[in-house]
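Written below as structure tokens is the structure these notes are about.
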2 protein chains.
Amino acid sequence: MSAVREGGLPFRLTRQRRAILEEVRAAGGHPRAADIFLQVRRREPRLAYATVYNTLHLLARHGLIQSFDFGEGASRFDPRTDRHDHLACRNCGRLVDVEIDLGQAARRLQEETGFSVEAYHVEVRGLCPGCQRAEGD
Amino acid sequence: MSAVREGGLPFRLTRQRRAILEEVRAAGGHPRAADIFLQVRRREPRLAYATVYNTLHLLARHGLIQSFDFGEGASRFDPRTDRHDHLACRNCGRLVDVEIDLGQAARRLQEETGFSVEAYHVEVRGLCPGCQRAEGD
DNA sequence: CTGAGATTTAGACCAGATATAAAAACATCA
DNA sequence: TGATGTTTTTATATCTGGTCTAAATCTCAG
């Protein structure tokens, strides 16, 4: 039989990978690959950028973290593993986790289009309370 | 008084810009900047890529078209000008316009977070009917 | 017709994403 | 334990979309 790795994962959770995972969890918010690279580099000075990049996508592919794309070029990573949505401030960029249930609408969509709906993500944009006050400048 | 341009736009709708806009409308689907560039280049051989790129974002900024980012690197442009959402096939990439009303949830969000909600976009992923049939390979 | 401002061109440049090859780490088992 | 095949990391090159700049060109009001 094949070896059972930590947590029964289909890949090795090496020192580097563990450090990267821990850093995503410790970062708070929604760090980019470059953020993680700079942080982890302090513990692992020989760490290559490609390792961070590949590891983040590996972890995301296997559900240990999630990755989101908000059209800024770089992907954002998130230690949360449950489905959720995002509220973004168009002025300061602040990103807040929210939860929007589309259950009903998703079922309707499935019937009408014939697609099998597997996932969805809602991106809401607006102004955060702070930026609303600062609007009159 | 200042000049009133075609349609009262705050910029000139030049030959190049008009060709780009027409091409987005003619393309059907959700073309990328590079697609538009290649197409329009046939009519306007001296057209620069930067002109296409800038024009598409200009048109989007002024509501003559919309742009979406599906995390593929390149932005997708859409001749539709009304708010709507998208259903994407994770296998073949087919992109279908759909409409999901979040009115109720958006109001709730606004109360709970203090954000003023200005816009939202739902991206739904799944398998299109064709790819569902082809699944057993 | 002319000058100011708007627009286009051409090409350089940047960053994130991705590919590759060689080195290193690791697992397995005789 | 030590040989061997596999996985992972490193280091680096490359691709691509996106962005910037300066000079050339166009447009329009006067």
Side-chain angles (χ1 to χ4, degrees), chain A residues 1-23 30-62 64 67-77 93, chain B residues 1-24 30-62 64-65 67-77 93:
Chain A
M1 70 190 79
S2 69
V4 174
R5 308 186 217 256
E6 299 96 318
L9 295 171
F11 55 84
R12 291 210 287 264
L13 199 53
T14 60
R15 195 180 73 248
Q16 293 91 334
R17 287 176 177 170
R18 192 187 305 279
I20 290 166
L21 176 55
E22 282 170 8
E23 189 52 44
H30 306 77
R32 293 160 298 162
D35 301 327
I36 299 298
F37 176 62
L38 286 177
Q39 255 337 89
V40 179
R41 197 89 201 245
R42 295 158 56 149
R43 286 204 257 166
E44 297 283 344
R46 292 177 52 74
L47 188 74
Y49 178 82
T51 300
V52 174
Y53 182 87
N54 290 330
T55 298
L56 287 170
H57 285 279
L58 178 75
L59 295 174
R61 201 158 50 248
H62 290 284
L64 279 77
S67 88
F68 294 98
D69 189 297
F70 295 102
E72 310 159 305
S75 299
R76 300 295 204 122
F77 296 90
Chain B
M1 67 189 79
S2 68
V4 175
R5 308 185 215 258
E6 300 93 319
L9 295 172
F11 55 85
R12 290 210 288 265
L13 199 54
T14 60
R15 195 180 72 246
Q16 292 92 332
R17 287 176 175 169
R18 191 186 305 278
I20 290 166
L21 176 56
E22 281 172 8
E23 189 52 43
V24 175
H30 305 78
R32 292 161 298 163
D35 301 327
I36 299 298
F37 175 63
L38 286 176
Q39 259 329 96
V40 178
R41 197 89 200 246
R42 296 158 57 152
R43 284 204 258 167
E44 297 283 344
R46 293 176 50 75
L47 188 74
Y49 177 81
T51 300
V52 174
Y53 182 87
N54 290 331
T55 298
L56 287 170
H57 286 279
L58 177 76
L59 295 174
R61 202 159 47 250
H62 291 283
L64 279 77
I65 62 177
S67 88
F68 294 98
D69 189 297
F70 294 102
E72 311 160 306
S75 299
R76 301 295 205 121
F77 297 89

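We name chains A, B, ... by the order of the sequence lines, and we start the count at 1 in each one.
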Over how many whole Å does the gap from [X] atom [atom1] to [N] atom [atom2] extend?
X: A:D35; N: C:dA15; atom1: CG; atom2: P; answer: 15 Å
X: B:N54; N: C:dT7; atom1: CG; atom2: P; answer: 11 Å
X: A:E44; N: C:dA25; atom1: CD; atom2: C1'; answer: 13 Å
X: A:L58; N: D:dT7; atom1: CG; atom2: C1'; answer: 11 Å
X: A:F68; N: C:dG16; atom1: CZ; atom2: P; answer: 20 Å
X: B:I20; N: C:dT8; atom1: CD1; atom2: C1'; answer: 10 Å
X: B:Y49; N: D:dT21; atom1: OH; atom2: P; answer: 18 Å
X: B:D69; N: D:dG18; atom1: CG; atom2: C1'; answer: 12 Å

Side-chain N or O of [X] closer than 4.0 Å to phosphate OP1/OP2 of [N]:
X: B:Q16; N: D:dC26; answer: no
X: A:S75; N: C:dA17; answer: yes
X: B:T14; N: C:dA6; answer: no
X: B:T51; N: C:dT9; answer: yes

If you check the [X] side chain, which of [options] turns out closest?
X: A:R12; options: D:dC26, C:dG16, C:dC26; answer: C:dC26
X: B:L47; options: D:dA11, C:dT9, C:dT8; answer: C:dT9
X: B:A48; options: C:dA10, D:dG17, D:dT10; answer: C:dA10
X: A:R17; options: C:dT8, D:dT8, D:dA11; answer: D:dT8

Check your understanding: NA contact type, A:R32, heavy-atom cut-off 4.0 Å: base, sugar-phosphate, or nothing?
Key ->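 Contact class for A:R32: none.
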Check your understanding: Is A:A50 touching bases, backbone alone, or none of the nucleic acid, heavy atoms closer than 4.0 Å?
Key ->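 Answer is base: heavy atoms of A:A50 come under 4.0 Å of a base.
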Practice item. Report the residue (B:A74 or B:R46) whose heavy-atom-nearest nucleotide on DNA chain D is the more 5′ of the two. Key: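 Nearer the 5' end of the strand: B:A74.
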**Study point:** Closest heavy-atom pair and its distance - B:S75, B:D69
**Key:**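 The pair with the smallest heavy-atom distance is OG-OD2, 4.3 Å.
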**Study point:** Note, B:F11 side chain near B:L58 side chain (heavy atom, < 4.5 Å)
**Key:**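 Answer yes - side chains close enough.
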Point to revise | Flag, side chain of A:R32 to backbone of A:A74, donor-acceptor distance under 3.5 Å | key: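 Absent.
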Review point. Counting distance only, does the side-chain N/O of A:R17 pair as donor-acceptor with the main-chain N or O of A:T55 below 3.5 Å?
Key: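 Side chain of A:R17 to backbone of A:T55: no pair is present.
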Check your understanding: How long is the gap from CZ on B:R76 to NE2 on B:H30, to the nearest 0.5 Å?
Key ->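 Rounded to the nearest 0.5 Å, the CZ-NE2 separation comes to 8.0 Å.
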